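It should be emphasised that the depicted structure is a prediction, and the values quoted were computed from it without experimental measurement. Reminder, nothing fancy here: chain letters follow the sequence lines and each chain counts from 1.
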Amino acid sequence: LEEPLIFELDAQGRCGVDLDPAPAVQDRLGGLKRRAPVGLPGLSEPQVVRHFTRLSQKNYGIDSGMYPLGSCTMKHNPRLNEKLARAKGLGDLHPMQPDSTAQGALELIDTLAHWLKTITAMPAVAMSPAAGAHGELCGMMAIKAAIDVRGEKRGRVLVPESAHGTNPATAAACGFSVDSIPANARGRVDLDAFKAKLGDDVAAIMLTNPNTCGLFENDMIAIAEAIHDAGGYFYCDGANLNAIMGRVRPGDLGIDCMHINLHKTFSTPHGGGGPGAGPVVLSAALAPFAPLPYVVHDAAGYRLVEHDEGGDAQPFGRLKGYHGQMGMFIRSLAYMLSHGADGLRRASGDAVLSANYLLASLQDVMSASFPGPCMHEALFDDHFLKDTGVTTLDFAKAMIDEGFHPMTMYFPLVVHGALLMEPTESESKETLDQYIATLRALCARAKSGDIQTFKDAPRFTPRRRLDETAAARKPVLRWKAETEGTSAAQ
Amino acid sequence: LEEPLIFELDAQGRCGVDLDPAPAVQDRLGGLKRRAPVGLPGLSEPQVVRHFTRLSQKNYGIDSGMYPLGSCTMKHNPRLNEKLARAKGLGDLHPMQPDSTAQGALELIDTLAHWLKTITAMPAVAMSPAAGAHGELCGMMAIKAAIDVRGEKRGRVLVPESAHGTNPATAAACGFSVDSIPANARGRVDLDAFKAKLGDDVAAIMLTNPNTCGLFENDMIAIAEAIHDAGGYFYCDGANLNAIMGRVRPGDLGIDCMHINLHKTFSTPHGGGGPGAGPVVLSAALAPFAPLPYVVHDAAGYRLVEHDEGGDAQPFGRLKGYHGQMGMFIRSLAYMLSHGADGLRRASGDAVLSANYLLASLQDVMSASFPGPCMHEALFDDHFLKDTGVTTLDFAKAMIDEGFHPMTMYFPLVVHGALLMEPTESESKETLDQYIATLRALCARAKSGDIQTFKDAPRFTPRRRLDETAAARKPVLRWKAETEGTSAAQ
Amino acid sequence: MRYLPLTDADRSAMLDKIGVGATRDLYCDVPAGALLTDPVDLPLHKGEQDVERTIAALGAKNISPSDAPCFLGAGAYRHHIPATVDYMIQRGEFLTAYTPYQPEVSQGTLQALFEFQTQVALLTGMDVANASMYDGASACAEAVMMAARITRRGRAVLSGGLHPHYRAVADTHARFLGHEMTGPAPRLEGDEDIAGLIDDNTACVVVQTPDVFGRLHDLTALAEACHEKGALLIAVFTEAVSLGLIAPPGEMGADIVVGEGQSIGNALSFGGPYVGLFATRDKYVRQMPGRVCGQTRDSEGKRGWVLTLSTREQHIRREKATSNICTNAGLCALAFTVHMSLLGEDGLRRLAEINHAKAVMLADKVAAINGVRVVNDTFFNEFTVELTRPAALVVEDLAARGILGGVPLSRLMPGRAQFANHLLLAASETVGDDDIARLCAALKEVL
Amino acid sequence: MRYLPLTDADRSAMLDKIGVGATRDLYCDVPAGALLTDPVDLPLHKGEQDVERTIAALGAKNISPSDAPCFLGAGAYRHHIPATVDYMIQRGEFLTAYTPYQPEVSQGTLQALFEFQTQVALLTGMDVANASMYDGASACAEAVMMAARITRRGRAVLSGGLHPHYRAVADTHARFLGHEMTGPAPRLEGDEDIAGLIDDNTACVVVQTPDVFGRLHDLTALAEACHEKGALLIAVFTEAVSLGLIAPPGEMGADIVVGEGQSIGNALSFGGPYVGLFATRDKYVRQMPGRVCGQTRDSEGKRGWVLTLSTREQHIRREKATSNICTNAGLCALAFTVHMSLLGEDGLRRLAEINHAKAVMLADKVAAINGVRVVNDTFFNEFTVELTRPAALVVEDLAARGILGGVPLSRLMPGRAQFANHLLLAASETVGDDDIARLCAALKEVL
């Protein structure tokens with residue numbers, strides 16, 4: 001059954017809410033009252049419920065099955081966290097309530113900050129960034145601010161070629177130029193190449209650890225020493241913290257700042273593309289430059305600092321409205337309290353164990369890019385598909401027909417036709433074994449010459465492969481009453 | 001993807017809850033401690049979430065699409081009602097709290113009782129029955145108790161042949177014998193035949209109005225007079241109250257009691273088979289015989305009467321633990337408050353309008369059993385399928401492949417191969433038109449001789465037609481570790 | 001009206017198609033005068049915010065067990081319900097489905113029911129279970145009627161330890177079916193002699209463990225006594241969690257086991273909806289009341305589930321049905337199944353152990369208070385204490401102090417003066433040490 | 001550990017397959033000494049009930065706007081959210097999905113985003129919208145950067161009526177990009193002269209309506225002035241409901257419209273997560289930041305949706321991307337879309353009318369109090385009053401009386417002494433007559 005757009009379900013005079021007529025008053029709109037209708041459709045509540053229920057049924061989530069998207073950490077999202085995010089006195093709290101009426105909320109933020117600092121062994125954390133990329137921005141701005149205070153002009157940031165695309169984009173958004181560092185044959189930063197790039201114009205290195213090949217950068221400490229010796233800062237992308245939480249503290253490795261994706265490591269739901277939250281832990285060197293606002297705790301209780309109050313703090317500014325992604329804070333704190341220090345450690349261990357289990361169980365039929373062990377994700381390239389006529393994309397789409405969400409494809413760029421799979425700690429061995437068996441069967445099929453199955457995939461989805469080129473060439477980004485495309489689609 | 005039974009997902013040492021070890025105490029179990037394990041499977045929380053999510057995806061609900069099951073009133077289930085049923089101080093209230101700590105809960109029950117009495121124009125209501133059939137039992141027991149008090153022996157109950165199967169079952173459960181009344185050519189009770197059955201051994205007539213053919217019994221008042229003249233009582237099955245709520249008050253028609261399915265008329269969800277709630281309104285003649293417990297309101301507040309306190313009341317006994325289906329009371333009161341007197345009236349009107357629209361739009365291709373207008377459901381028989389080789393069952397299963405839940409089949413028994421469809425007030429005209437178009441297309445296909453499509457249906461469901469005969473012949477009613485059937489099913 | 005999708009234009013078009021002028025013309029069969037022209041005398045429709053405020057205001061007038069130390073039991077128990085349970089039963093595909101008469105589009109409900117039946121059978125130590133009843137009390141009454149059908153006898157012996165609501169419901173049915181209900185009066189001293197009451201006309205003996213006073217009973221000898229006389233033993237429980245720690249009635253020879261399943265997955269909700277559990281032996285399955293789900297194959301040979309044995313049911317058998325029950329407690333059974341799946345073997349055992357330990361701690365604490373005597377030798381998570389004042393008054397005094405301090409026996413058995421000073425106290429995993437301390441402090445004040 | 005499905009037996013078997021002896025052997029690349037042997041210094045794992053109690057206890061320390069008359073606004077507004085919205089966004093298929101990179105199994109999210117984009121475009125009177133930003137303030141900063149890219153100019157003129165958080169976020173970005181940010185100081189008297197500040201190097205003018213003081217502005221003339229100088233007009237709103245009643249910026253000539261979408265479907269949640277709305281003209285779409293969903297066809301010719309124009313985005317363009325934004329506010333956008341679908345044309349208009357009427361009633365009531373002067377001539381649902389005492393102290397006094405009595409301007413603009421006695425008061429459909437009466441009574445006490 002095809003589900004139309006809400007605009008195509010429209011009928012005049014229908015409404016999904018019941019509101020009494022407004023009390024009669026003399027308006028104070030100064031003649032700026034809207035003249036034309038907005039153009040919104042009229043639907044009743046049952047129609048809205050059914051429409052979005054049906055849309056949801058066209059979606060795949062962690063609740064539907066394994067979602068081994070590398071670098072995305074699609075782990076179980078407990079319903080307890082959803083419930084608590086809606087708790088009275090938290091979910092309904094207004095951000096501009098006087099601090100005296102929000103002591104519990106401020107305490108919650110402070111408690112979460114304590115957990116994040118303890119897990120990372122870092123002395124400070126900026127809580128307000130709204131997502132991972134926003135956290136990167138926060139960290140790089142703090143670095144720039146620190147350099148400015150030192151009166152230096154350092155305009156270059158070193159970024160490995162395997163970096164997330166957000167890293168260079170963030171560096172650019174802070175006015176830095178980006179200089180790429182190559183990887184060595186072991187999938188790590190080439191230490192010599194990196195050292196050769198250092199200079200007094202280098203502001204920082206932005207490194208992901210564990211890196212985007214799913215490997216631990218074993219030269220972390222050497223890198224930290226080198227960048228610090230060169231007068232730069234060490235930015236660590238924390239997207240892969242799930243591999244090491246509770247086992248390795250990034251602060252022990254000499255980093256200066258790292259963002260933490262609460263929606264990756266600490267299980268706040270991805271929600272089809274957010275919201276996230278990206279708190280940034282900071283070293284003592286960078287701590288003074290944390291953005292506004294932040295929470296302080298003194299004898300009088302908790303207090304929100306929303307403006308530069310002088311003193312040691314030299315906040316670089318504000319990154320968003322209000323104080324951070326409170327709803328995500330509640331969820332991630334609930335996740336951490338549930339796991340505890342012991343559970344976090346066990347979770348990261350299970351995530352790494354599961355990835356290595358995939359690596360060990362698949363490396364005879366797929367081509368592992370680097371020798372193991374890996375961290376929490378296993379990287380393969382498309383060498384095993386050579387001469388089969390099946391591409392990485394075809395292979396991934398064929399997985400959908402077997403009931404699995406595909407892994408990440410074509411990233412990282414350092415290997416050809418990458419297939420990056422991250423099982424997380426949330427999958428049972430039974431599911432991992434099913435996944436392995438499915439992939440092995442697909443490998444056999446690809447090698448058997450049965451290309452058409454791959455080219456036709458996916459076949460059992462609400463839609464077959466979609467024409468992304470056409471979408472980009474002549475973008476249709478909204479419904480319009482007169483658009484040919486919308487009515488002809490039925 | 002096949003979803004195993006939870007027992008097949010078992011692993012030792014896995015658990016979906018975290019509980020601290022019990023404090024060490026000397027047990028007081030008197031040697032009756034369990035020796036053998038229960039045999040329950042061990043699953044983690046993510047597995048449980050995914051298991052039941054996947055099971056849910058094999059289900060069809062009102063939220064999925066139109067559900068025109070005749071006599072079931074599958075109307076929209078507002079989420080507001082779900083939310084309120086869980087409200088603090090209601091959803092978490094213990095039934096044995098002192099009345100002084102539950103005044104709001106008792107007031108809620110009393111308020112709902114007032115609405116039910118007002119809508120039906122009846123002076124009393126028994127709130128505790130847990131479902132429609134339970135309500136029937138309550139009503140018939142009140143009738144029996146009243147007859148007993150009169151010192152009479154009336155053992156016969158008159159039931160139309162079109163009655164819900166629960167009606168005769170209920171009469172039997174009260175020790176009555178059942179005597180069937182035929183229908184006339186217009187689908188109503190044959191008034192003369194009914195009168196001929198009357199006698200001083202007749203305890204009651206159990207009549208459904210609107211009846212199971214979807215027709216209003218126009219001789220209601222004559223029937224009431226006749227049964228009363230004969231010294232019997234008038235039980236009205238309220239399953240079809242949705243056709244007349246706010247427009248016709250059953251009390252105005254002379255009935256003595258009627259159960260109300262809160263899950264049909266007042267939208268508490270059917271939940272895959274309950275829970276329901278079946279309050280019973282009672283005439284002044286039957287009011288003294290209402291069961292325990294009940295709520296009274298006096299100067300001191302609300303009070304729960306749980307035992308026979310003498311006086312005018314002569315309660316016939318208790319029907320279930322505690323005081324009734326409170327969760328359903330909250331939902332149905334929320335539904336009533338939302339609709340109000342005006343909305344209830346409009347809802348019943350729309351339900352009847354929609355059923356008549358189906359009747360009018362389909363009667364040229366399907367065989368309507370009786371001339372219109374109908375009430376809130378439209379009845380067809382299988383005459384239109386004659387000589388096509390397609391049965392009522394085939395026809396219904398073919399609807400599934402078109403995205404619609406089938407209507408009720410083979411009920412009522414008074415017509416051959418019945419197809420009873422009840423759209424309710426919750427469907428938009430667009431959906432009704434789609435439904436009509438689908439049925440018209442299926443009729444055309446059946447007449448075109450394309451039988452195989454019907455015999456093969458349903459084809460796009462998680463399972464094809466299931467062998468119900470085999471299930472009944474050699475029942476497998478539970479999983480067992482050693483059952484061949486369970487493991488071979490993969 | 002947010003719930004009504006028809007617009008005035010739709011209504012006109014539909015009336016045109018039907019060929020009448022107005023909706024009221026469709027009510028032409030209603031006797032003159034009975035068709036209302038105006039809305040009934042009730043308030044008009046309200047928006048969501050108003051409805052929410054109205055109901056929340058009613059909730060605010062009560063003392064919520066979430067806010068007060070709560071020691072209430074007597075057949076309904078406060079337990080923590082995992083958030084997963086409540087999420088799952090609210091999914092529209094489960095919530096808004098009907099009884100699974102169309103199995104091809106109801107495999108979700110059906111498989112869950114099959115899992116439920118298996119869980120109940122395992123828990124009770126029986127062969128089979130049905131797909132749920134209204135509640136424990138009505139399940140018990142159905143069991144008595146089933147025993148009468150099986151044995152073709154009309155007499156039941158009910159233990160004095162049976163929950164009075166269960167007794168009352170069974171009595172109600174017996175009254176209308178002409179069955180004889182007998183049994184000893186409730187007593188706190190020693191074990192009652194039930195075996196002596198079984199005669200050749202006895203269909204069944206009904207005994208509860210833990211009983212309404214909280215005491216545990218070994219049913220083995222009683223089962224033998226029943227079977228000697230050709231009677232069935234019906235075992236009852238009101239606290240399903242107890243079965244995680246104590247021997248199941250099935251092991252002790254019960255023929256039918258019934259009980260209340262609310263404790264697993266279902267909110268207290270002021271008494272309902274709850275879920276009645278009903279299990280029996282294979283040989284009696286065709287006399288069992290209520291729906292059952294059975295395993296079968298589809299036309300392609302795949303395993304699937306259907307409602308089965310419907311020839312016992314009223315929509316087929318009409319007045320000859322095994323019961324008039326139709327709608328049961330499907331969604332509550334689902335909540336039970338989801339919660340039980342989360343618990344599993346280890347979780348259920350530990351939950352039961354915690355409940356028992358809390359009750360032992362509570363018993364030891366209150367026993368140390370002047371004027372309190374713990375009556376029970378054995379118990380699971382609930383026991384009886386004797387006070388120096390009428391328990392109903394003590395409970396009111398405790399309520400005034402914000403404590404929901406147990407159920408006075410006088411509320412359950414008002415006619416029995418010997419129980420006026422007796423109070424039932426229950427403890428579950430939701431009771432903290434601070435709750436117990438508050439109760440003890442308050443008891444010292446009011447005794 | 002309830003969240004971890006691996007058993008010890010599983011772990012052993014997996015380690016065997018891998019060929020190592022223990023999980024810690026997989027961490028062999030970690031520098032010596034950095035691999036912890038013990039858990040970090042934090043509490044151990046807790047059951048669901050304990051976690052729930054801990055977090056609920058934190059909630060109980062706050063005054064909830066659900067329990068107190070609440071007149072807070074200043075960019076976040078309390079509105080009733082229909083239960084349908086919250087149910088829908090909790091469905092696992094939406095909640096637990098990733099960004100829809102695999103469109104074949106993400107049509108639900110994608111179609112909803114397409115509907116969202118259309119709703120935002122309609123609401124603002126613009127051609128196109130993106131699939132959401134973090135919040136209104138960050139959307140505003142992105143708009144300024146976008147204008148700089150389009151015009152290749154590095155100067156922005158910001159109205160003094162712009163919400164100070166929005167101003168601050170834009171300033172932060174400008175600082176690092178070397179842009180010049182200028183504009184008049186906030187003032188309550190008359191209209192500011194912004195047009196006069198536009199020069200040939202001006203990329204954009206940013207103006208908010210209703211502005212932070214609550215005043216409405218006609219942007220038509222300003223748009224013309226911008227366009228004369230080749231600058232873009234960026235219109236900002238913080239209260240999306242206002243667009244149901246007042247003329248949209250798109251009609252007045254704005255080139256980019258950004259704002260906060262929290263008011264529709266999203267909980268206050270102490271400031272986040274919210275949802276930034278971003279709309280612009282067709283011609284600028286390839287310079288727009290953030291994700292967009294576009295319509296296309298599948299291989300069978302059926303209409304479907306994909307993320308598109310990704311060549312603007314950082315995963316393709318890296319340092320040349322239009323923005324570094326990646327994860328946005330997908331689920332908040334869904335909540336917005338579901339709520340807006342329920343409202344529809346009639347519902348949104350009526351909701352806006354009620355909000356305005358409540359604010360007018362509030363203004364009239366407080367204006368009658370000695371020591372209160374309503375500053376605004378025009379407003380939607382929020383306005384500024386001048387008091388006879390510092391507003392921050394008044395707010396504390398009101399809080400002590402259980403009233404959340406508005407936002408003191410001094411909290412937003414602490415450096416500006418002229419606003420010390422000024423208070424922002426907002427009213428929505430959630431404010432009742434009794435709430436207004438309580439505020440007025442309390443104000444009389446504390447002034």
How far apart are the C-alpha atoms of B:Met141 and C:Arg175, what are their side-chain angles, what is the distance that settles it, and do they pass the side-chain contact (heavy atoms from CB on, under 4.5 Å) test?
CA-CA 10 Å; B:Met141 284 176 170; C:Arg175 166 177 174 183; over 6 Å; no
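- The choice from B:Ala470, B:Pro475, B:Gly343 that makes the most heavy-atom pairs within less than 4.5 Å of chain C is B:Pro475.
- Between C:Ser64 and the choices B:Thr101, B:Leu90, B:Asp92, the side-chain contact (heavy atoms from CB on, under 4.5 Å) rule is met once, by B:Asp92.
- Ranking C:Met361, C:Lys17, C:Arg317 against chain B, the residue ahead of the rest is C:Lys17, based on heavy-atom pairs under 4.5 Å.
- The closest donor-acceptor contact from the side chain of B:Asp342 to the backbone of C:Leu44 lies at 3.5 Å or more, if one exists at all.
- Side-chain atoms of C:Asn324 never come within 3.5 Å of backbone atoms of B:Ala173 as a donor-acceptor pair (strictly under, hydrogens ignored).
- Heavy-atom contacts from other residues, nucleotides or ligands closer than 6.0 Å to CZ of C:Arg78 number more than 12.
- Listed for the C:Glu396 side chain is no donor-acceptor partner under 3.5 Å among the backbone atoms of B:Pro98.
- The pair C:Arg350-B:Asp20 fails the salt-bridge criterion, with no side-chain N (NZ, NE, NH1 or NH2) lying under 4.0 Å from an Asp/Glu carboxylate O.
- Heavy atoms closer than 4.5 Å to chain B are found in both the backbone and the side chain of C:Arg11.
- Counting heavy-atom pairs closer than 4.5 Å to chain C, the top-ranked of the candidates B:Glu468, B:Glu425, B:His307, B:Met328 is B:His307.
- Between the side chains of C:Thr109 and B:Asn59, at least one donor N or O sits under 3.5 Å from an acceptor N or O.
- In the model, B:Ser56 has a side-chain atom that pairs as donor or acceptor with a side-chain atom of C:Arg91 under 3.5 Å.
- For chain B, no part of C:Ala56 is nearby; none of its heavy atoms comes within less than 4.5 Å.
- Each of B:Val248, B:Val178, B:Asn356 has some count of heavy-atom pairs under 4.5 Å with chain C, and the biggest count is that of B:Asn356.
- Only the side chain of C:Met1 has a heavy atom closer than 4.5 Å to any heavy atom of chain B.
- The choice from B:Ile221, B:Leu215, B:Ile119, B:Thr53 that makes the most heavy-atom pairs within less than 4.5 Å of chain C is B:Thr53.
- In this structure, chain B has heavy atoms under 4.5 Å from both the backbone and the side chain of C:Glu48.
- If you measure heavy-atom distances from C:Thr84 to chain B, the contacts under 4.5 Å come from the side chain alone.
- Heavy atoms closer than 4.5 Å to chain B are found in the side chain of C:Thr308, but not in its backbone.
- The side-chain heavy atoms of C:Arg297 and B:Leu466, taken from C-beta on, include no pair separated by under 4.5 Å.
- Using a 4.5 Å cut-off between heavy atoms, C:Cys28 contacts chain B through its side chain alone, with no backbone atom that close.
- Using modelled atom types, one side-chain atom of B:Tyr322 and one backbone atom of C:Ala76 make a donor-acceptor pair closer than 3.5 Å.
- Side-chain atoms of B:Arg463 come within 3.5 Å of backbone atoms of C:Arg303 as a donor-acceptor pair (strictly under, hydrogens ignored).
- In summary, C:Glu104 and B:Lys397 engage in a salt bridge, as defined by a charged side-chain N under 4.0 Å from a carboxylate O.
- Considering only heavy-atom pairs separated by less than 4.5 Å from chain B, the leading option among C:Ile354, C:Thr311, C:Leu342 is C:Leu342.
- Residues C:Glu93 and B:Ser64 bring no donor and acceptor atom of their side chains to less than 3.5 Å of each other.
- With chain C as partner, the option from B:Cys174, B:Gly175, B:Gly372 having the largest number of non-hydrogen pairs under 4.5 angstrom is B:Cys174.
- Ranked by heavy-atom pairs under 4.5 Å with chain B, the first of C:Gly294, C:Ala329, C:Ala137 is C:Ala329.
- Salt bridge B:Glu107/C:Lys61: present, at least one basic N to carboxylate O contact under 4.0 Å.
- Proximity to chain B (any heavy atom under 4.5 Å) is shown, for C:Val338, by both the backbone and the side chain.
- Classified by interplanar angle (parallel below 30°, tilted 30° to 60°, perpendicular above 60°), the ring pair B:His339/C:Tyr3 is tilted.
- Ionic pairing of C:Asp377 and B:Arg28 is not present here: no N-O contact between side-chain nitrogen and carboxylate oxygen is shorter than 4.0 angstrom.
- Checked by atom type, the side-chain pair B:Asn77/C:Thr96 shows no donor-acceptor distance below 3.5 Å.
- Put simply, of C:Thr118, C:Leu216, C:Thr99, the one with the most heavy-atom pairs under 4.5 Å next to chain B is C:Thr118.
- Between chain C and the options B:Pro275, B:Gly349, B:Ala360, heavy-atom pairs under 4.5 Å are most frequent for B:Pro275.
- Within the 4.5 angstrom heavy-atom criterion, atoms from both the backbone and the side chain of C:Leu351 approach chain B.
- Once rounded to the nearest 0.5 Å, the distance linking CD1 of C:Ile18 with CG of B:Leu353 reads 5.0 Å.
- When heavy atoms are compared at a cutoff of 4.5 Å, C:Val20 does not approach chain B at all.
- The aromatic ring centres of B:His94 and C:Phe270 sit 6.0 Å or more apart.
- Contacts between C:Glu251 and chain B at a heavy-atom distance below 4.5 Å involve the side chain alone, from C-beta outward.
- At a threshold of 4.0 Å, the pair C:Glu300-B:Arg464 counts as salt-bridged, since one of the basic side-chain nitrogens sits closer than that to a carboxylate oxygen.
- With a 4.5 Å cut-off on non-hydrogen atoms, C:Leu15 touches chain B through its backbone and its side chain both.
- If you measure heavy-atom distances from C:Ser132 to chain B, you find no contacts under 4.5 Å at all.
- Between the side chain of C:Tyr134 and the backbone N or O of B:Gly276 there is no donor-acceptor pair closer than 3.5 Å.
- For a residue to count as touching a neighbouring chain, one of its non-hydrogen atoms must lie under 4.5 Å from one of that chain's; by this rule B:Pro21 touches chain C with backbone and side chain alike.
- No part of B:Ala87 comes within reach of chain C, as not one of its non-hydrogen atoms sits under 4.5 angstrom from that chain.
- Ranking C:Leu331, C:Leu58, C:Asp298 against chain B, the residue ahead of the rest is C:Asp298, based on heavy-atom pairs under 4.5 Å.
- Under the 3.5 Å distance criterion, the side-chain polar atoms of C:Arg411 are matched with a main-chain donor or acceptor of B:Met96.
- Considering only heavy-atom pairs separated by less than 4.5 Å from chain B, the leading option among C:His163, C:Glu313, C:Gln111, C:His173 is C:Gln111.
- Defined by atom type and a distance below 3.5 Å, a donor-acceptor pair is missing between the side-chain atoms of B:Asp467 and C:Thr296.
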Tell me, with the steps shown, if C:Leu6 and B:Arg346 meet side-chain contact (heavy atoms from CB on, under 4.5 Å).
CA-CA 10 Å; C:Leu6 296 186; B:Arg346 174 160 282 196; over 6 Å; no
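- Using a 4.5 Å heavy-atom cutoff, the side chains of B:Leu5 and C:Trp305 are in contact.
- When all heavy atoms are compared, the tightest approach of B:Ala169 to C:Ala321 is CB-CB, 4.3 Å.
- Both the backbone and the side chain of C:Val40 come within contact range of chain B, with heavy atoms under 4.5 Å apart.
- Counting only distance, with no hydrogens or angles, the side chain of C:Gln117 and the backbone of B:Arg478 share no donor-acceptor pair below 3.5 Å.
- Here B:Lys320 pairs with C:Asp135 in a salt bridge; the nearest charged N to carboxylate O distance falls below 4.0 Å.
- A donor-acceptor pair under 3.5 Å is formed between the side chain of C:Thr172 and the backbone N or O of B:Arg318.
- Of the possible polar contacts, none joining the C:Gln295 side chain to the B:Ala471 backbone as a donor-acceptor pair under 3.5 Å is found.
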